[in-house]
Every structure is written in C-alpha cells, then in structure tokens.
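Reminder, nothing fancy here: chain letters follow the sequence lines and each chain counts from 1.
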Amino acid sequence: MSQVRVRFAPSPTGFFHIGSARTALFNWLYARHTGGKFILRIEDTDKERNSEAFLKIILDSMHWLGMDWDEGPGVGGDFGPYFQSQRTELYRTKLKELADKGRAYEKDGAWWLRLEGARSTVFDDHLKKEIEKVEAAPMVLEDLVRGRVERAEDRDFVLFRSNGEPVFHFVNVVDDIEMKITHVIRGEDHLSNTSKHLEIFKAFGVTPPHYAHIPLILKTDGPGKMSKRDRGALIEEYQQRRYLPAAVRNYLCLLGWTPADGKEVMPIEEIVRQFEISAVHQSNARFDERKMSHVNAQTLRLLPPAEFAAVARPILTETGVVHADVSDARLTEVLGIVQEKVVSVEHLPEFLAFFFTDKFNKDENALANLSKKGGEPVTRVRELLPTLTAAAWEEAALEAAFTAVGTTCGRKPTDYFAPVRYAISGQGGGAHLLGVLRVLGRDTTLARLQAFAT
RNA sequence: GUCCCCUUCGUCUAGCCCGGUCCAGGACACCUCGUUUUCAUCGAAGUAACUGGGGUUCGAAUCCCCAAGGGGACGCCA
C-alpha cells in the first residue's frame with residue numbers, strides 16, 4: 001500500500017479558527033499515526049480577502065500547537081509551490097484539458113463544468129430565477145466516517161471566474177491530484193460539496209482519494225457552529241490566556257474522537273498511537289470551555305518541575321512578581337509546593353505573589369470568613385506566636401507547635417491555620433500550609449505574623 | 001424551497017456493527033460530605049440520559065420504517 005498523504009488547506013482570509021485547528025490536527029494525527037506525510041497548502045485564490053497577516057497567524061498557531069508539516073511553506077517539497085496563487089498556469093492547463101474533452105465550456109466570461117445528463121429549464125425557489133437543471137447520475141461517496149453517501153449535482157458549476165481566477169472546487173481537486181493526496185479529512189460542511197469534487201475527478205478520469213468528513217464544533221449554547229465571534233473560537237485567544245498548547249491540542253482531539261481506552265488527558269505521542277479515523281464521531285460536538293480548562297489544569301499539574309518553571313517564569317516576570325535576581329532554584333522551590341494546587345498559568349502571579357513581596361493583595365472574603373471558624377484571628381496568632389518562634393523551622397516541628405498550642409488553649413490545631421495563612425498570604429486557601437511556611441522562611445513568616453498581631 | 005448528515009445524563013461521550021451480561025458506564029459541570037482550613041488540589045457519595053411513534057423479536061439503547069428535532073450545503077467565498 002502506498003504512503004498516506006494528507007493535507008491541511010487553509011485560506012488566509014481570517015483568524016485561525018478552532019474548527020480549522022481541529023481539522024488540521026486530525027490530518028496531522030493521521031499522518032503521524034500512519035507514518036505518512038502531512039502537507040500544508042495555502043488556498044489563496046481569493047485575492048480580495050487574502051492577507052499576509054492572516055497567513056502569519058495561521059502558521060504561528062500551527063507551530064504553537066506543535067503541528068509540523070512535511071511539505072509546504074518554509075519547508076518546500078516535491079509538489080510545490082504550495083501557494084495556490086503561484087499555480088495559476090497549472091490550473092489553466094488543467095482547465096484546457098477539460099475543455100478539450102468537452103467537459104468545460106465558457107459562458108458569461110467564466111468557465112463551467114458540464115455535467116452529463118438530460119437538461120431542462122426550471123424555476124428555482126431558492127435562487128428565485130430560471131435555471132438549467134441537469135439530471136446527472138448521483139455521485140457515490142464511501143466516506144470513512146459517514147459511510148455510503150449519495151448525492152447528485154443538478155447544475156453546471158463554475159471552474160474559473162470571469163476575472164480569470166479559478167475557484168475553490170477546481171483548484172482543490174487539481175491540487176489533490178497533483179500532490180497525490182490519498183486521504184481528505186475535512187469538516188462536515190464540505191460533505192455536500194463532495195459531489196462537485198467527485199464530478200471533477202470523474203471528468204479528469206482520476207480515482208478520487210478517500211474522504212473522511214469529521215463532525216463540526218458547535219457553539220457552547222445557542223444555535224449553529226462556532227463562529228469567529230464566539231468566545232473561545234480563536235486559537236490566539238488561548239495563547240494570550242496562557243493555556244498550555246499541549247492542553248488545547250489534547251482537548252481538541254477529544255472533540256470528535258474518543259480514545260479506545262477512555263483516557264482523556266494524555267501525551268500527544270499516546271494520542272498519535274491510538275488515533276483512528278474509524279473511531280471519529282458522526283455527530284457534532286458542543287464546545288465546552290470548562291472541560292478544556294480542566295484538561296489544561298490536569299496537564300499543568302502533570303508537568304515535570306523544570307517545565308512548569310519554564311512556563312511559569314515568563315508571566316511571573318512580566319507581572320513583576322518575580323525579578324531577574326530570583327534564582328531558578330528558589331523559583332522551583334516555590335513552584336514545587338503550589339503545583340499540585342494550580343489551575344491555570346494565568347492566575348499564577350496572584351496565587352504566589354506573597355512569596356516574593358510583602359505587598360500582596362488581601363482577600364476580603366477570606367478575612368471575613370476567618371472569625372466564623374476558630375474565633376478571633378488576631379488572638380489566635382498571638383497565642384501561637386511564642387511557640388512558633390521557638391520552633392525549629394521544618395515541617396514536623398512546625399506541626400508539633402500548632403498541636404502544642406492547640407492543646408494548651410483548648411483548640412483544634414486547625415483553628416490556627418486559617419489566621420496564619422491569611423496573615424502571611426492574604427489568602428483563604430492555597431498550597432499545604434506547613435510547606436508554605438517552610439518555603440516562605442522563618443524570618444518573613446514571623447515578621448508577617450507579628451505585624452498581623454499588632 | 002431542494003439536497004445531505006446527525007440524534008444516549010445540562011455538556012463531552014462508552015455501549016450500537018455481532019439484540020439479552022445496561023433498571024445504561026466514564027469525564028466535565030453541579031450538589032453533599034470528608035480532608036492540615038471555610039468554593040483553585042485531593043477523596044467519597046449523589047442528582048441526571050437511550051427524541052417520539054410504529055414494527056421485527058421470547059427479548060431492542062442496540063435491527064427496520066416513519067415523524068420530530070438539531071446541523072450543514074445549495075456563490076463567478078473557501
């Protein structure tokens with residue numbers, strides 16, 4: 001069997017949409033799973049709407065999500081150029097081929113594909129005008145996801161516009177032929193177009209590739225598919241909000257496909273190993289940012305400490321929480337005790353600012369809650385302070401100090417935790433308290449407790 | 001309007017091909033309890049679904065038909 005060749009063919013006319021990213025991803029996964037080639041082809045035939053800026057965004061987002069291509073912009077390949085705007089001569093040649101066969105004709109300055117079948121003129125309700133209908137034989141598609149789908153085209157359609165530019169359906173098929181594409185994996189919104197494409201393949205006398213039409217991603221609520229306006233629709237957004245690219249990619253895999261073993265959060269190598277087109281779903285899926293956020297949190301907590309530090313350091317530096325003079329060792333020490341509690345990179349600065357500055361924010365709700373349990377917080381801290389001051393600065397000794405004070409004052413040791421946490425961090429929750437005390441250090445801790453108690 | 005696709009908890013889904021093991025399993029969310037803390041972790045428990053109607057069958061989430069609902073396509077956009 002010949003090698004799998006798949007392609008992702010975006011047109012740079014807008015931001016990189018989550019649906020496009022998922023289509024690219026499934027193609028990429030299939031190529032990597034089968035050891036085939038993943039080709040990136042830029043469909044920039046619409047001169048009016050194309051832009052360099054959009055192209056850059058698409059390329060950047062592909063890199064960010066870790067989807068590398070074997071042929072295409074920047075890497076070349078044997079079937080280039082990979083920009084359709086540079087392939088016009090080829091399209092003209094191929095059009096002539098169809099014209100010579102009598103399958104393409106010129107009308108109103110444009111070139112049309114001639115369908116084979118009986119013709120009649122009828123009034124079309126949708127178009128609100130008289131049109132020429134053709135009774136063409138239905139095209140039969142054996143879709144890898146949908147199964148057998150039959151559909152008949154009933155009108156000739158445009159191949160080349162009157163301005164001399166070819167249209168999508170034509171260039172898409174010509175390039176799939178020329179680039180020897182074996183599998184076309186694309187969104188279900190193209191399912192109805194496939195009969196057109198099959199007609200073109202037939203006109204060329206070429207066997208079409210295998211098709212797999214994957215389900216669409218629907219809005220979280222409300223009708224219809226995700227559109228660029230919807231929150232969470234653009235890949236850029238996740239980049240800005242410090243999502244882990246691996247997590248975004250992982251969640252995207254779950255939208256339209258389920259691994260056989262039921263595991264959801266897993267490394268990309270594992271997904272590549274398990275990915276099968278036959279397991280791709282047939283029904284559309286609704287986008288759920290909460291689940292994506294969960295996948296992100298899980299991924300974050302599973303990161304090796306060094307990698308966690310690498311993703312944390314930039315935002316901590318940018319927000320001024322961590323200065324350049326903070327050593328990697330110190331940063332890793334702090335991150336080490338919070339990682340298991342962390343839920344997003346975005347919230348890291350506020351979460352651990354108190355380790356690096358005395359001017360941390362104080363959570364009013366946390367303060368209000370203090371006296372509900374454990375009584376007067378300032379009194380608690382005063383009770384605790386002498387014993388804590390005398391204690392050795394390691395977790396077992398600190399714990400013993402809390403217990404001792406609790407026993408003396410007739411209270412649970414935990415009655416002291418919330419006041420202490422608030423006094424040193426301004427927060428109502430966070431990482432394991434004894435660990436926080438240890439890492440924060442004796443001097444800083446005692447100073448903040450003193451300040452709170454006076 | 002025409003054509004195409006889809007239909008299991010609020011959401012993502014497993015199961016469906018090869019009907020009984022499913023009074024339907026998991027995950028997210030939610031709710032409750034627990035945990036060295038009172039909503040960022042973690043643990044335990046809970047609420048919650050086979051769109052409807054016919055049929056086939058001893059037996060249907062699973063097979064067939066119809067209906068309804070959802071989605072998509074009908075451009076000299078891609």
Side-chain angles (χ1 to χ4, degrees), chain A residues 9-14 43-46 48-50 107-112 124-128 138 141 143 145-147 149-155 157-169 171-172 187-196 213 215-216 218 220-221 223-225 251 254-258 260 262-265 281-295 297 301 338-344 347 351 365-366 368-370 372-374 395 399 402-403 412-422 427-435:
Chain A
S11 50
T13 56
E43 307 218 329
D44 52 353
T45 52
D46 185 353
E48 305 296 302
R49 299 196 299 149
N50 288 321
K107 188 182 80 179
D108 302 333
W111 283 86
W112 301 66
D124 186 288
D125 281 338
H126 184 69
L127 267 25
K128 308 286 184 222
L141 168 66
D143 194 274
V145 172
R146 312 274 146 190
V149 178
E150 280 189 35
R151 188 168 185 278
E153 284 299 315
D154 61 359
R155 299 173 59 203
F157 55 91
V158 171
L159 266 14
F160 258 73
R161 294 187 264 263
S162 49
N163 69 359
E165 302 289 335
V167 304
F168 160 73
H169 302 298
V171 296
N172 193 263
E188 202 217 75
D189 48 348
H190 283 295
L191 189 55
S192 303
N193 288 152
T194 308
S195 45
K196 275 193 182 70
H213 285 92
L216 267 22
L218 270 25
T220 303
D221 34 47
K225 55 176 179 174
Y251 175 70
L254 265 19
L255 239 31
W257 174 76
T258 307
K263 284 224 168 48
E264 296 189 321
V265 179
H281 309 152
Q282 300 186 317
S283 51
N284 296 163
R286 230 168 251 286
F287 175 75
D288 181 1
E289 192 179 333
R290 287 180 304 189
K291 180 128 187 179
M292 177 150 150
S293 180
H294 172 257
V295 172
R301 286 181 215 123
V338 302
Q339 185 173 4
E340 63 169 7
K341 291 273 188 171
V342 132
V343 115
S344 76
H347 295 116
F351 193 51
N365 290 331
N369 282 330
L370 281 181
K372 287 184 193 164
K373 192 176 177 184
E395 290 182 31
E399 184 173 8
F402 277 95
T403 308
K412 291 183 296 182
T414 53
D415 285 351
Y416 295 88
F417 277 68
V420 169
R421 183 187 293 283
Y422 180 79
Q427 295 174 6
H432 190 294
L433 185 64
L434 298 173

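When the P atom is compared between U32(B) and C9(B), the two are found 25 Å apart, to the nearest whole Å.
Residues Asp189(A) and His213(A) have side chains not in contact (no heavy-atom distance under 4.5 Å, counting atoms from C-beta outward). Using a 4.5 Å heavy-atom cutoff, the side chains of Phe351(A) and Val342(A) are in contact. You'll find the side chain of Phe287(A) reaches within 4.5 Å of the side chain of Leu255(A), heavy atoms only.
Under the 3.5 Å distance criterion, with hydrogens and angles disregarded, no donor-acceptor pair is assigned to the side chains of Thr45(A) and Glu165(A).
A68(B) is paired with U7(B) under the Watson-Crick or G-U wobble criterion, all donor-acceptor distances under 3.5 Å. For A73(B), the paired base is U2(B) (Watson-Crick or G-U wobble, both distances below 3.5 Å). Of all nucleotides present, none satisfies the Watson-Crick or G-U wobble test against U38(B) with each distance under 3.5 Å.
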Give me, pair by pair, the N or O atoms of the protein and of nucleotides 2-11 of chain B that are less than 3.5 Å apart, along with how far apart they are.
| residue | atom | partner | partner atom | Å |
| --- | --- | --- | --- | --- |
| C3(B) | O2' | Arg151(A) | NE | 3.2 |
| C5(B) | O2' | Arg146(A) | NH1 | 2.5 |
| C5(B) | O2' | Glu188(A) | OE2 | 3.0 |

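At the phosphate of U13(B), OP1 or OP2 sits under 4.0 Å from a side-chain N or O atom of His281(A).
In this structure, Arg301(A) does not pair ionically with Glu340(A), as no charged nitrogen and carboxylate oxygen lie closer than 4.0 Å.
Separating the CG atom in Leu254(A) from the CD atom in Glu264(A) is a distance of 5.0 Å, to the nearest 0.5 Å.
Atom-to-atom, CG of Asp108(A) to C1' of G75(B) comes out at 14 Å; the value is rounded to the nearest Å. Between the P atom of A78(B) and the CG atom of Asp44(A) lies a distance of 10 Å, rounded to the nearest Å.
Judged by the 6.0 Å and 45° rule, Lys291(A) forms no cation-pi pair with Tyr251(A).
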Could you write nucleotides 39-47 of chain B as a row of B, S and -, 5' to 3', where a protein heavy atom under 4.0 Å of any base atom gives B, of only sugar-phosphate atoms gives S, and otherwise -?
-BBS-----
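Nearest-nucleotide positions on RNA chain B place Leu433(A) closer to the 5' end than the other of His169(A) and Leu433(A).
Here Pro223(A) lies in heavy-atom contact (under 4.0 Å) with sugar-phosphate atoms only.
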